[in-house]
Amino acid sequence: MIMAVLTVSQVNMYVKSLFDELPALQSVYIKGEISNFKHYNSGHMYFTLKDAKSQLKCVMFAGDNYKLKFEPENGMKVICFGKVGVYERDGVYQLYVRDMQVEGVGALQVAFEQLKEKLEAEGLFAPSQKLKPRYPRKIGVATSNMGAAVEDIKNIVSRRFPLCEIVIAPTIVQGDLAAPDIVKSLKLLDSIEDVDIIIVGRGGGSIEDLWAFNTEEVARAVYDCKTYVISAVGHETDTTICDFVADLRAPTPSAAAEFAVPEAENELIMINNYSASIENFIQRKFDSEQTKLDFIKNKSALSNRDNFFKTLEDNIEVTNARINNSYKAVLDNAENKLLGAVRALNALSPLSVLSRGYSITKSEKGVVSSVGDVVKGDSLSIVLSDGEITAEVTEVN
């Protein structure tokens, strides 16, 4: 009997057909622990699913895994849904995963914790440095314009602080389109110059209903807002990523409205109290100064003005006399010094010498101090104490 010889391809094809024809392997749930996980740039995921005794290769293509709310990790225990088939080229069988859930914990909860850890590490949950305006001019609200949340906010703000305006940005807050629409509304309200506070949120619901507020794109949009943001998502027991990033977390939309604006009546009471305190302070200050003035008038020199001013006048006269005497002494001393200097200068003056019968003889060349300074016929000028004589040299001896 001659046995047929098969190629490798034929065997793998045959085995693959057997797997494809087994209904039990076409839609199967398999649980295990993820290991050797790899997520390629193409979007495809490759990993191994294992338990205490065995392991199974798995692949989850990009067309299926883009819907996952969480990022699979090594060591994570999951339940995978898909079909078991043979990869014909390599001759190995594997699980083609179409969906995946975390065993024992909801996938959304895992995604929540993963994103929370990531954003916290980046500093998006750090305490805000923005100050909430005490008296906001306008409040922007990013929420559905059809729900009870927006009505609660409008009613509370108008009742508590009627001076504040409300700007509503109608927003989709549930479903696949919610996250990008929330981001759009936040950017719009943040661009309005006189909007001082933004309230973003919605009423209560399941974690699936609130999931848009747990997305990374909404978290980063809240963080990027220059305007003060209050997060008001769901009920008091609900906590979202948006709450952690916002400048303030309100347990409900109604509470957010109360946080956003003061109570006008309380503010008026406070203003009246301040006014009364200021008036009392001014009155006490006036009374104190009046008491001081009365004391000065009754207990000091001012109580006897005549004596007070007579004493001042006497002091002024004495002081004036001292000044005059000092001034005269200074003048006399200066005059004596001046006269002494004049006498000294007069003694040295050529005029003083001339007055005693001497004269000064000058020629065109200057003062004549020797007979050799002149010749016969020179014109001379003779300076006396009371005038000048012009002469001519007739002879030099």
Side-chain angles (χ1 to χ4, degrees), residues 112 115-116 118-145 147-158 160-161 163-174 177-205 209-262:
F112 177 88
L115 182 58
K116 179 183 175 184
K118 174 184 177 182
L119 298 182
E120 186 172 17
E122 292 184 24
L124 269 69
F125 298 168
S128 173
Q129 301 301 313
K130 287 181 281 188
L131 297 177
K132 183 176 77 67
R134 183 173 179 84
Y135 304 109
R137 296 164 295 177
K138 284 185 182 179
I139 293 178
V141 181
T143 190
S144 171
N145 62 343
V150 70
E151 293 301 323
D152 290 342
I153 292 173
K154 289 194 293 186
N155 291 336
I156 291 173
V157 170
S158 62
R160 286 174 60 89
F161 199 63
L163 296 176
C164 182
E165 298 181 39
I166 298 178
V167 179
I168 306 294
T171 308
I172 301 171
V173 293
Q174 184 173 329
L177 300 178
D181 205 49
I182 294 171
V183 172
K184 179 182 177 182
S185 294
L186 285 170
K187 290 182 178 179
L188 173 64
L189 294 173
D190 193 42
S191 67
I192 301 176
E193 185 175 352
D194 56 351
V195 168
D196 297 316
I197 295 176
I198 297 174
I199 298 176
V200 57
R202 53 156 290 161
D209 296 337
L210 305 180
W211 190 251
F213 297 92
N214 286 320
T215 58
E216 184 171 354
E217 57 185 314
V218 169
R220 294 193 182 279
V222 170
Y223 183 79
D224 291 339
C225 280
K226 301 183 295 295
T227 310
Y228 192 91
V229 178
I230 300 177
S231 175
V233 183
H235 300 301
E236 187 169 358
T237 55
D238 297 320
T239 303
T240 65
I241 297 294
C242 182
D243 295 334
F244 291 111
V245 182
D247 301 297
L248 179 68
R249 185 240 175 183
T252 63
S254 298
E258 293 181 358
F259 289 158
V261 295

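Since this is a predicted model, take the numbers as computed values, not measurements.
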Could you walk me through whether Ser231 and Val222 satisfy the side chain to side chain contact (heavy atoms under 4.5 Å, CB included) test, starting with their C-alpha distance in whole Å, then the side-chain angles of each, then the deciding distance to 0.1 Å, before giving a yes or no? CA-CA 9 Å; Ser231 175; Val222 170; over 6 Å; no
Lys154 and Val141: side chain to side chain contact (heavy atoms under 4.5 Å, CB included), yes or no, with the steps? CA-CA 9 Å; Lys154 289 194 293 186; Val141 181; over 6 Å; no
Worked verdict on Ile197 versus Phe259 for side chain to side chain contact (heavy atoms under 4.5 Å, CB included): CA-CA 10 Å; Ile197 295 176; Phe259 289 158; over 6 Å; no
Please step through side chain to side chain contact (heavy atoms under 4.5 Å, CB included) for the pair Arg202 and Asp209, ending with a clear verdict. CA-CA 10 Å; Arg202 53 156 290 161; Asp209 296 337; 4.0 Å; yes
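The backbone N or O of Thr240 lies less than 3.5 Å from a partner atom in the side chain of Asp243, making a donor-acceptor pair.
With rounding to the nearest 0.5 Å, the separation of CD in Glu151 from OG1 in Thr143 is 10.5 Å. Residue Leu131 holds its CG atom at 12.5 Å from CG of Asp196, rounded to the nearest 0.5 Å. The CZ atom of Arg137 sits 13.0 Å away from the CG atom of Leu163 when rounded to the nearest 0.5 Å.
Here the closest non-hydrogen pair linking Ala212 and Val218 is O-CG2, 3.3 Å. Taking every heavy atom of both residues into account, Cys225 and Asp190 meet most closely at CA-OD2, 3.6 Å. Minimum interatomic distance between Ala256 and Ile230 (heavy atoms only, all atoms of both residues): CB-CG2, 3.8 Å. Between Val245 and Ala219, the shortest heavy-atom distance links the atoms CG1-O, 3.3 Å.
At least one side-chain heavy atom of Val261 sits less than 4.5 Å from a side-chain heavy atom of Pro136. A heavy-atom distance below 4.5 Å is not found between the side chains of Thr227 and Leu189. You'll find the side chain of Val233 stays beyond 4.5 Å of the side chain of Asp238, heavy atoms only.
For the side chain to side chain contact (heavy atoms under 4.5 Å, CB included) criterion with Ile139, the lone passing option out of Ile198, Val157, Ile153 is Val157.
With sequence neighbours excluded, the residues satisfying ring-ring contact (aromatic ring centres under 6.0 Å, His included) with Phe125 are Phe244. Remark: Lys116 engages no residue in a salt bridge (charged side-chain N to carboxylate O under 4.0 Å, His left out) (not counting sequence neighbours). Taking the salt bridge (charged side-chain N to carboxylate O under 4.0 Å, His left out) definition, one finds that Arg220 meets it with Glu122, Glu216, sequence neighbours left out.
Within the structure, the ring pair (Phe, Tyr, Trp, His ring centres under 6.0 Å) test picks out no pair touching residues 216-243 (sequence neighbours left out). Note on residues 125-134: pairs passing side chain to side chain donor-acceptor pair (under 3.5 Å), not counting sequence neighbours, are Ser128-Asp247, Lys130-Asp247, Arg134-Glu267.
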Using a 3.5 Å cut-off and no angle test, enumerate the donor-acceptor pairs between side-chain atoms of residues 181-188 and protein atoms at least two apart in sequence or in another chain.
| from | atom 1 | to | atom 2 | distance (Å) |
| --- | --- | --- | --- | --- |
| Asp181 | OD2 | Ile172 | N | 2.7 |
| Ser185 | OG | Thr171 | OG1 | 2.7 |
| Ser185 | OG | Asp181 | O | 3.2 |

